[in-house]
Amino acid sequence: MNGPSLALRQRSLGDPATEFPLFPPLTRGCPRTSTDEIAYPLEITYDYGRVDPRLFEQEPGTDLARWSPLLPPLEAPTLGEGGTPLVEFDGIYVKDESRNPTWSHKDRLNRVAVSAAVASGAPGVVVASSGNHGASVSCVDSMKRRVYVAYAIWHG
């Protein structure tokens, strides 16, 4: 049921009729609809008609790959990110992110972002971080390329 990604292409949020191939990812905004004042982001379009309805009925899995049809292609290896449970605490359900590899919700983001870098043939990944994001991307990408993390340190 998980199967391959059903991602089709990138579409401008400035003009939904403006589309681009899935790769390379256009990370600086839409080259056609952006202006000097605004960089319109792009979204990924999917072949929703091919999504198996049972996808939404499945039991929680061990990582975010269970949603692979509705994610960009996952090229980076999994470390078990995203299989975090809801835990009841005094009648309130809390998402237990300590079950992620670096104990951070950033692990989901970085599996997808690093997958885009792998699929694009990028030689490395660069992030600016003051903590969790840098640790997470370093962990997720440690098996493939160079990782450069610029840590912001506040002296004030």
Side-chain angles (χ1 to χ4, degrees), residues 1-34 38-122 124-127 129 131-145 147:
M1 175 179 1
N2 294 345
S5 172
L6 297 176
L8 299 173
R9 58 191 137 304
Q10 300 173 85
R11 176 173 54 197
S12 172
L13 293 180
D15 175 9
T18 302
E19 296 182 334
F20 299 90
L22 195 55
F23 292 102
L26 300 173
T27 59
R28 295 179 183 231
C30 179
R32 288 193 203 136
T33 60
S34 295
I38 187 167
Y40 285 105
L42 294 105
E43 66 178 349
I44 305 297
T45 62
Y46 295 87
D47 187 355
Y48 292 112
R50 291 184 44 215
V51 174
D52 186 334
R54 294 174 297 158
L55 179 71
F56 304 102
E57 299 166 1
Q58 63 183 323
E59 291 296 317
T62 58
D63 68 33
L64 64 88
R66 71 183 186 267
W67 302 109
S68 58
L70 297 175
L71 293 170
L74 295 173
E75 301 292 336
T78 184
L79 300 172
E81 61 289 307
T84 58
L86 285 172
V87 179
E88 185 181 1
F89 181 75
D90 286 340
I92 298 172
Y93 286 90
V94 179
K95 192 77 167 150
D96 183 2
E97 298 296 349
S98 72
R99 309 280 179 99
N100 277 317
T102 69
W103 291 32
S104 173
H105 68 280
K106 303 282 185 169
D107 293 341
R108 288 185 195 86
L109 159 79
N110 286 317
R111 169 97 187 275
V112 175
V114 169
S115 290
V118 171
S120 298
V125 178
V126 178
V127 298
S129 174
N132 289 351
H133 183 56
S136 174
V137 77
S138 295
C139 181
V140 171
D141 197 43
S142 64
M143 296 182 238
K144 293 285 183 186
R145 272 156 309 292
V147 176

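All values derive from a computational prediction rather than experimental measurement.
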From [X] [atom1] over to [Y] [atom2], what is the distance, rounded to the nearest 0.5 angstrom?
X: R99; Y: T84; atom1: CZ; atom2: OG1; value: 8.5 Å
X: H105; Y: N100; atom1: NE2; atom2: CG; value: 9.5 Å
X: R50; Y: L8; atom1: CZ; atom2: CG; value: 8.0 Å

Can you check whether [X] reaches [Y] side chain to side chain, under 4.5 Å on heavy atoms?
X: D52; Y: P69; result: no
X: L70; Y: L55; result: yes
X: F20; Y: L42; result: yes
X: L79; Y: D107; result: no
X: V112; Y: P72; result: yes
X: H133; Y: L109; result: yes
X: T102; Y: N132; result: no
X: S5; Y: L22; result: no

### Under-4.0 Å salt bridge between E81 and R108
no
Are any side-chain N or O atoms of [X] and backbone N or O atoms of [Y], one a donor and one an acceptor, separated by less than 3.5 Å?
X: S115; Y: A76; answer: yes
X: S120; Y: A122; answer: no
X: D47; Y: A7; answer: no
X: Q10; Y: P21; answer: yes
X: T45; Y: R9; answer: yes

What are the two closest heavy atoms between [X] and [Y], and how far apart are they?
X: A117; Y: V125; value: CB-CG2, 4.1 Å
X: C30; Y: S34; value: O-OG, 2.7 Å
X: L86; Y: Y93; value: CB-CD2, 4.2 Å
X: A39; Y: G29; value: CB-CA, 4.4 Å
X: R66; Y: G83; value: NH1-CA, 4.3 Å

### Task
Answer with yes or no whether the side chains of T33 and D15 bring together a donor and an acceptor at under 3.5 Å.
no
### Y40, OH: over 12 other non-hydrogen atoms inside 6.0 angstrom
no
